[in-house]
2 protein chains.
Amino acid sequence: MSAIDTPKTSFKQRMLQVREDAIVHAVNRLLAEKGFDAMTVDEVAAQVGIAKASLYKHFPSKEDLAAAAMVRVMQRAQDFISSLPPEADPLENLRAVVRWVLQVKLAGDMPTLPSQNSSLRATLMANNDYMDGLMEVSDRLGAWIEAAQAAGQLSAKLPAIAILYTFFARACDSVVEFLQMGGLFTDEQITELVLSTCFEGLIAR
Amino acid sequence: MSAIDTPKTSFKQRMLQVREDAIVHAVNRLLAEKGFDAMTVDEVAAQVGIAKASLYKHFPSKEDLAAAAMVRVMQRAQDFISSLPPEADPLENLRAVVRWVLQVKLAGDMPTLPSQNSSLRATLMANNDYMDGLMEVSDRLGAWIEAAQAAGQLSAKLPAIAILYTFFARACDSVVEFLQMGGLFTDEQITELVLSTCFEGLIAR
DNA sequence: GTCTATAATCAGATAGAC
DNA sequence: GTCTATCTGATTATAGAC
């Protein structure tokens with residue numbers, strides 16, 4: 001490749017990147033709105049404004065589309081976690097992460113996947129970007145969890161992994177949808193309610 | 001109808017009831033195992049051992065099949081609630097109900113529906129048996145919740161409806177699946193872990 | 001890489017004989 | 001009411017021209 005070709009190639013790659021971003025963004029919205037099964041590849045193509053066949057030039061299957069959306073949300077989680085002060089109270093950082101998850105969910109930006117779909121699970125587990133992101137997030141949160149337990153902030157009788165899963169599960173917590181559907185509470189109120197029940201529990205203190 | 005016909009008709013109706021029970025039982029298992037979208041009507045027919053067209057003589061649509069399974073699980077919940085001593089500690093009764101939900105779920109008997117599917121929602125809301133059961137359960141739990149709040153057992157700063165939804169959400173809590181998949185904990189341990197995080201929260205007391 | 005057109009399949013629902 | 005056979009529509013994925 002000659003030197004004069006480099007910018008041209010780079011520009012093309014940037015265009016490609018922009019288009020793929022648009023695709024993943026549309027997939028993210030549709031996954032958050034209707035879930036994996038109800039989302040059709042036709043819809044994705046229509047939202048992006050390209051032909052379905054073009055989609056398949058970028059992503060080999062519907063499962064890979066979903067995986068790309070999960071990589072994206074995992075990247076966002078990593079970005080948020082990295083933005084938190086590492087020297088701060090670990091419990092406060094954990095609260096901040098859960099609050100962030102709830103806000104993304106309330107904004108309708110949290111993609112949800114059916115946990116039982118096996119071909120989807122296989123695609124996700126074969127996706128290194130996703131698995132790396134998942135492990136990175138787990139490590140960061142796990143360290144804070146153990147620190148908070150050592151400091152007597154989080155219950156030490158709960159396995160750290162159970163606490164971690166409890167946080168992850170907030171991303172698909174039906175309480176949020178129930179409360180949102182009722183229309184009785186603002187997004188801020190829902191956030192604080194779920195945060196409170198998650199950390200403080202239901203029993204009076 | 002003559003007197004001699006009555007037993008015959010009644011027998012026929014009993015046979016019909018038995019068959020429909022078998023259908024709903026199969027639907028329940030499939031919904032618990034793979035969810036609504038992945039469950040096919042062909043599968044249901046195969047499991048019951050009848051032709052698909054016969055299914056449609058009993059239930060007019062796939063949505064109605066799912067609704068029948070939800071009616072069944074709601075009926076079971078009512079039965080369990082009725083089996084509890086009304087004069088007992090309301091908080092203990094609530095714990096018992098949540099424990100029951102978790103055990104049904106861990107046994108793979110809890111049907112789950114996609115909350116976003118609108119035609120399914122419409123079918124459910126048009127089903128009087130389901131709506132009556134849902135309201136009955138809500139009333140019974142709601143009374144215990146308010147009693148427990150008045151007694152200073154449950155946090156009084158949480159709206160009762162939010163607590164109720166938190167209980168309902170245990171029926172589709174992904175933490176249970178996460179912990180079950182890991183294989184590190186027994187069903188009893190998972191039950192106690194989720195019960196503890198639900199009522200006592202994550203923060204050390 | 002993007003498009004139009006189409007294949008291939010699958011699943012919900014129905015027709016019509018018995 | 002039950003069956004076999006079929007319809008109908010939707011959906012994932014691809015062929016092939018440009």
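Just so it is clear: chains get the letters A, B, ... in the order the sequence lines come, proteins before strands, and each one is counted from 1.
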Q) Which part of the nucleic acid, if any, lies within reach of K57(B) when heavy atoms closer than 4.0 Å are counted: base, sugar-phosphate only, or nothing? A)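 Counting heavy atoms under 4.0 Å across all strands, the contact made by K57(B) includes a base.
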Mind checking if M15(A) touches a base, just sugar-phosphate, or nothing, with heavy atoms under 4.0 Å?
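Counting heavy atoms under 4.0 Å across all strands, no contact is made by M15(A).
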**Study point:** Position toward the 5' end of DNA chain D (nearest nucleotide), V41(A) or L16(B)
**Key:**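 Result of the comparison: L16(B).
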_Would E20(A) and R14(A) count as a salt bridge (Lys or Arg N to Asp or Glu O under 4.0 Å) here? Give the steps._
CA-CA 10 Å; E20(A) 295 203 343; R14(A) 257 202 307 279; over 6 Å; no
What is the distance, rounded to the nearest whole Å, between atom [atom1] of [X] and atom [atom2] of [N]?
| X | N | atom1 | atom2 | result |
| --- | --- | --- | --- | --- |
| K52(B) | dT6(D) | NZ | P | 14 Å |
| H58(A) | dT12(D) | NE2 | C1' | 18 Å |
| D37(B) | dT11(D) | CG | C1' | 13 Å |
| F11(A) | dG1(C) | CZ | C1' | 15 Å |
| E43(A) | dA10(D) | CD | C1' | 12 Å |
| L55(B) | dC3(D) | CG | P | 9 Å |
| I23(B) | dG1(D) | CD1 | P | 11 Å |
| F59(A) | dA13(D) | CZ | P | 14 Å |

Among [options], find the nucleotide with the atom closest to the side chain of [X].
| X | options | answer |
| --- | --- | --- |
| E63(B) | dT12(D), dA13(C), dC3(C) | dA13(C) |
| Y56(B) | dA13(C), dT4(C), dT2(C) | dA13(C) |
| A53(B) | dA13(D), dT4(D), dA13(C) | dT4(D) |
| T40(B) | dA13(D), dC3(C), dA11(C) | dA11(C) |
| S61(A) | dA13(D), dA15(C), dA15(D) | dA13(D) |
| D42(B) | dC3(D), dA11(C), dT11(D) | dA11(C) |
| K62(A) | dC3(D), dA13(D), dT2(C) | dA13(D) |

Notebook entry, point to check: Between E43(A) (side chain) and T40(A) (backbone), is there a donor-acceptor pair under 3.5 Å?
Noted result: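 Yes: the side chain of E43(A) pairs with the backbone of T40(A).
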Self-check item: Basic-acidic side-chain contact under 4.0 Å: D173(B), R170(B)
Solution: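 Judged by the 4.0 Å cut-off on N to carboxylate O distance, D173(B) and R170(B) do form a salt bridge.
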Donor-acceptor pair between D79(B) and S82(B) side chains, under 3.5 angstrom
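No, no side-chain donor-acceptor pair sits under 3.5 Å.
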Can you tell me how the ring of F167(A) sits relative to the ring of F199(A), calling it parallel under 30°, perpendicular over 60° and tilted otherwise?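 Because their plane-to-plane angle lies in the 30° to 60° range, the rings of F167(A) and F199(A) count as tilted.
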Practice problem: Establish, with yes or no, whether the OP1 or OP2 oxygen of dG1(C) is under 4.0 angstrom from a side-chain nitrogen or oxygen of S54(A). | Solution: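 Result: no.
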